[in-house]
Amino acid sequence: MVKIAKEKLPVLLQAWAAGAMVFVPQEREGTRVFLPWNGEGKLALGEENTLEPPKDLFFPRTETMYRYKVQGQDAEITEVPSFEDKMILVGVRSCDARSFALMDDVFLTKGYVDEFYRRRRENTRVVALACTEAAPTCFCTAFGIDPGRAEGVDVQMRPLDDGYLLEAVTEAGQELLNQAGSLLEEAGKASPPGAALPSLQVDVGGVTEKLQQMFEHPYWTEVSRKCLGCGACTYLCPTCHCFDIQSENLGNTGYKFRCWDSCMFSEYTRMAGGHNPRPSKKERLRNRFLHKLQYFPERYGKFACVGCGRCLDRCPVNVDITRVIREVKEVTL
Amino acid sequence: MAVEARVNPLVPMEGRIVKIIEETPDVKTFHVTTEKGKPFTPMPGQLAMLSLFEVGEAMFSITSQGPEHLEIAIKRVGMLTEALHEAEPGQTVGIRGPYGNGFPLDMFYGKDILFIAGGIGLAPVRSLINYCIEHREKFGHLWIIYGARSPADLCFKQDLFENWPRVENCRVDVTVDKGDEGWKGHEGFVPAFVEKLNPSPEGKVAVTCGPPIMIKFVLQSLEKLGFRDDQIVTTLEMRMKCGIGKCGRCNLGSRYVCLDGPVFTLAQLKEMPNEY
Ligand SMILES: Cc1cc2nc3c(=O)[nH]c(=O)nc-3n(C[C@H](O)[C@H](O)[C@H](O)COP(=O)(O)OP(=O)(O)OC[C@H]3O[C@@H](n4cnc5c(N)ncnc54)[C@H](O)[C@@H]3O)c2cc1C
Ligand code: SF4
Ligand code: SF4
Ligand code: FES
């Protein structure tokens, strides 16, 4: 096992940044954000997870899909150059690492590969960071996630008092460590602090089966009463993947782009002539929770929640998925 | 080593409208081709995403195809469909597909088929009717029951009144909600017409497509006539963007209508959330 001293980590990031774009949580305007490392930022690895998940690195908020040129009846499209940059994501927590696997299920399986996503995802290495402290809203263990050890990553980092233990999990991860050269030292017997144990205990056992019988239940009216339909929960959720496709015209040229969308907006499902299969916030909030806890498990065999706690932390009216899970299990059918 | 060429399913092909047929005051059929010929070869009931780049993109059933082109019948209802109705032959469009599951042909082989459609709902059903006619020996009796608001609103008149009635072992019955001076055919709504014609469910499969309200009452009529849920097939419409099960928009429970639909049996529909 090898380790790196805390003050040397920026040097390592700098070395990696020579061959790739390195994204790492940094402090900006009082919040923690995944930003490209330029050697000067203030690293924010010690505290809680980032406010926003790193999903936009694979699935940007807006992404140009192709350009077009229109001339009378004629039109021509050109594809945008494919994304070739290499990326290294450093400091990804176990919950967000699981979310990458869920996004892979959506964008890379079931008959079609989303090329925009694939290009970014394939060119990316992930360096995970073990959590030693849990926020009051964390509940990753409910989904079998180990806050001390992330799944599907290339390198696992664990904080020590004066540095980080580094363990290569994949060959690509070993190559990253090889690049570190003399920055690393033998860790000897250094033992990392134990992984965080979330205090928020949630038992998701049986929740899918219960929800399968609850589509018409009056509970959804009750739980959605205070929802504002602001969509903050879906924007902050590392597993929400809905997008819209729009075009932007500039004279006789323009481009088609996709951008994040939210099932919490009424426009989302409204059809020509005004018919809307999910006309009120009751249907929309129900869809959000059923998607996470019933539909996704039915389709992909996994929950589409990783217990990161972002939605319950930030919902302006305290709609709380952990409470929903608990209440769903308790309501009488 | 040859590098595997990857096709980006979200980027359309450049296609061209080569022919436009005015079906009704608000429905036109567009023949679309590409420089390399037919954009792709869909199965009956499959879909295409059609776009005018500077206006928008939407999903449509492919109502028929020839060796060199696809046919798409479009009702004028909003921005894109309005703009398409203003287009002239020669117009470049974006086209991608084929999408959706299409009709479950296995269910139809060797059976008598009852087609029940209203308005533009004949568009997807027509792709199946034409397929059955092309492969006539694989299917039993074909019975087409179709209705529209008025005689002027009947789509695909040449098929209804000339082509299909000439097909061997095929029957066509047409109704309009309200006739005009020249109309000598049946007057009345489709569901009541179906009950009056009283088709027996014996050895049959029924396919129905049309406005949601028509579908709702046709399903009740079929039930009355003794059709079972697994003898009835219908198609769904949800708002769509990607067409490939990624954008999340068209979900009905854990299924995506663009990918797992748009064709479902009534038995399948009854197991899904009632949210369409
Ligand atoms: C599976 C399927 C098959 C269809 N087949 C046909 C067909 O054969 N012929 C035909 O005329 N129409 C068909 N439609 C409906 C057609 O997609 C809509 O009429 C069209 O999207 C309206 O676009 P607009 O821009 O003119 O309307 P606007 O109201 O201006 O549309 C705005 C946006 O809403 C979305 N939208 C609106 N209505 C619908 C709708 N009903 N379904 C899906 N998205 C919608 C579109 O994405 C569009 O970009 C089908 C729809 C689906 C889902
Ligand atoms: S639903 Fe909430 S807790 Fe679960 S992954 Fe999404 S944001 Fe995190
Ligand atoms: S963040 Fe809260 S109020 Fe906003 S849409 Fe989500 S549940 Fe509703
Ligand atoms: S249209 Fe995007 S998931 Fe069906």
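Remember, it's a predicted structure, so these values are computed and weren't measured experimentally.
Contacts between B:Pro12 and chain A at a heavy-atom distance below 4.5 Å involve backbone atoms as well as side-chain atoms. At a 4.5 Å heavy-atom cutoff, the contact between A:Asp261 and chain B is made by side-chain atoms alone. A:Ser247 touches chain B through its side chain: at least one heavy atom from C-beta onward sits under 4.5 Å away, while N, CA, C and O do not. Within the 4.5 angstrom heavy-atom criterion, only side-chain atoms of A:Tyr66, from C-beta onward, approach chain B. Contact annotation for A:Val106: both backbone and side-chain heavy atoms come within less than 4.5 Å of a heavy atom of chain B. For A:Tyr112, the parts lying under 4.5 angstrom from a heavy atom of chain B are both the backbone and the side chain. For a residue to count as touching a neighbouring chain, one of its non-hydrogen atoms must lie under 4.5 Å from one of that chain's; by this rule A:Glu283 touches chain B with backbone and side chain alike. For A:Ser262, no part lies under 4.5 angstrom from a heavy atom of chain B. Interface remark: A:Asn249 contributes side-chain atoms only to the contact with chain B (heavy atom separation under 4.5 Å). Of the atoms belonging to A:Arg67, not a single heavy atom falls under 4.5 Å from chain B. Neither the backbone nor the side chain of A:Asn252 comes within contact range of chain B; no heavy atoms are under 4.5 Å apart. Of the atoms belonging to A:Leu108, it is backbone heavy atoms, and not side-chain ones, that fall under 4.5 Å from chain B.
When the candidates A:Lys110, A:Lys69, A:Glu267, A:Gln294 are compared by the number of heavy-atom contacts under 4.5 Å with chain B, A:Glu267 comes out ahead. Of the listed residues (A:Arg278, A:Glu248, A:Lys256), the greatest number of heavy-atom pairs within a distance under 4.5 Å of chain B belongs to A:Arg278.
Annotation: the span from B:Glu237 atom CD to A:His275 atom NE2 amounts to 9.5 Å, rounded to 0.5 Å. Distance OH/A:Tyr268 to NZ/B:Lys241: 11.0 Å, rounded to 0.5 Å.
Applying the ring-ring contact (aromatic ring centres under 6.0 Å, His included) test to pairs two or more places apart or on separate chains, those with a residue in residues 9-42 of chain B are B:His31-B:His69.
A 4.5 Å side-chain heavy-atom check between A:Ile245 and B:Met240 finds every atom pair outside the cut-off. Contact annotation: the side chain of A:Pro277 approaches that of B:Met238 to within less than 4.5 Å [non-hydrogen atoms, C-beta and beyond].
When atom types are taken as modelled, the side chain of A:Gln73 and the backbone of B:Pro89 share a donor-acceptor pair closer than 3.5 angstrom. B:Asn8 contributes no side-chain N or O that, together with a main-chain N or O of A:Glu115, makes up a donor-acceptor pair within less than 3.5 Å. Under a 3.5 Å cut-off, the side chain of B:Glu14 and the backbone N or O of A:Ile77 do form a donor-acceptor pair. B:Arg239 places a side-chain N or O within 3.5 Å of a backbone atom of A:Arg270 that can act as its donor or acceptor partner.
Other residues, nucleotides and ligands contribute more than 12 heavy atoms inside 6.0 Å of the CE atom of A:Met271. Atom CD of A:Glu171 has 12 or fewer neighbouring heavy atoms from other residues, nucleotides or ligands inside a 6.0 Å radius. For CD of A:Gln213, the number of neighbouring non-hydrogen atoms (other residues, nucleotides, ligands) closer than 6.0 Å is greater than 12. Enclosure of atom NZ in A:Lys226 by more than 12 non-hydrogen atoms of other residues, nucleotides or ligands within 6.0 angstrom is indicated.
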Distance-only donor-acceptor hits, side chain of residues 236-243 of chain A, under 3.5 Å, sequence neighbours excluded:
{"unit_1": "A:Thr239", "atom_1": "OG1", "unit_2": "A:Lys292", "atom_2": "NZ", "d": "3.0"}
{"unit_1": "A:Thr239", "atom_1": "OG1", "unit_2": "A:Ala304", "atom_2": "O", "d": "2.6"}
{"unit_1": "A:His241", "atom_1": "ND1", "unit_2": "B:Lys246", "atom_2": "O", "d": "2.9"}

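Annotation: residues 247-276 of chain B contacts chain A through B:Cys247, B:Gly248, B:Arg249, B:Asn251, B:Gly253, B:Ser254, B:Arg255, B:Tyr256, B:Leu259, B:Asp260, B:Pro273, B:Asn274, B:Glu275, B:Tyr276 [non-hydrogen atoms, separation under 4.5 Å].
Applying the salt bridge (Lys or Arg N to Asp or Glu O under 4.0 Å) criterion to A:Glu63, with sequence neighbours excluded, gives A:Arg120, A:Arg258.
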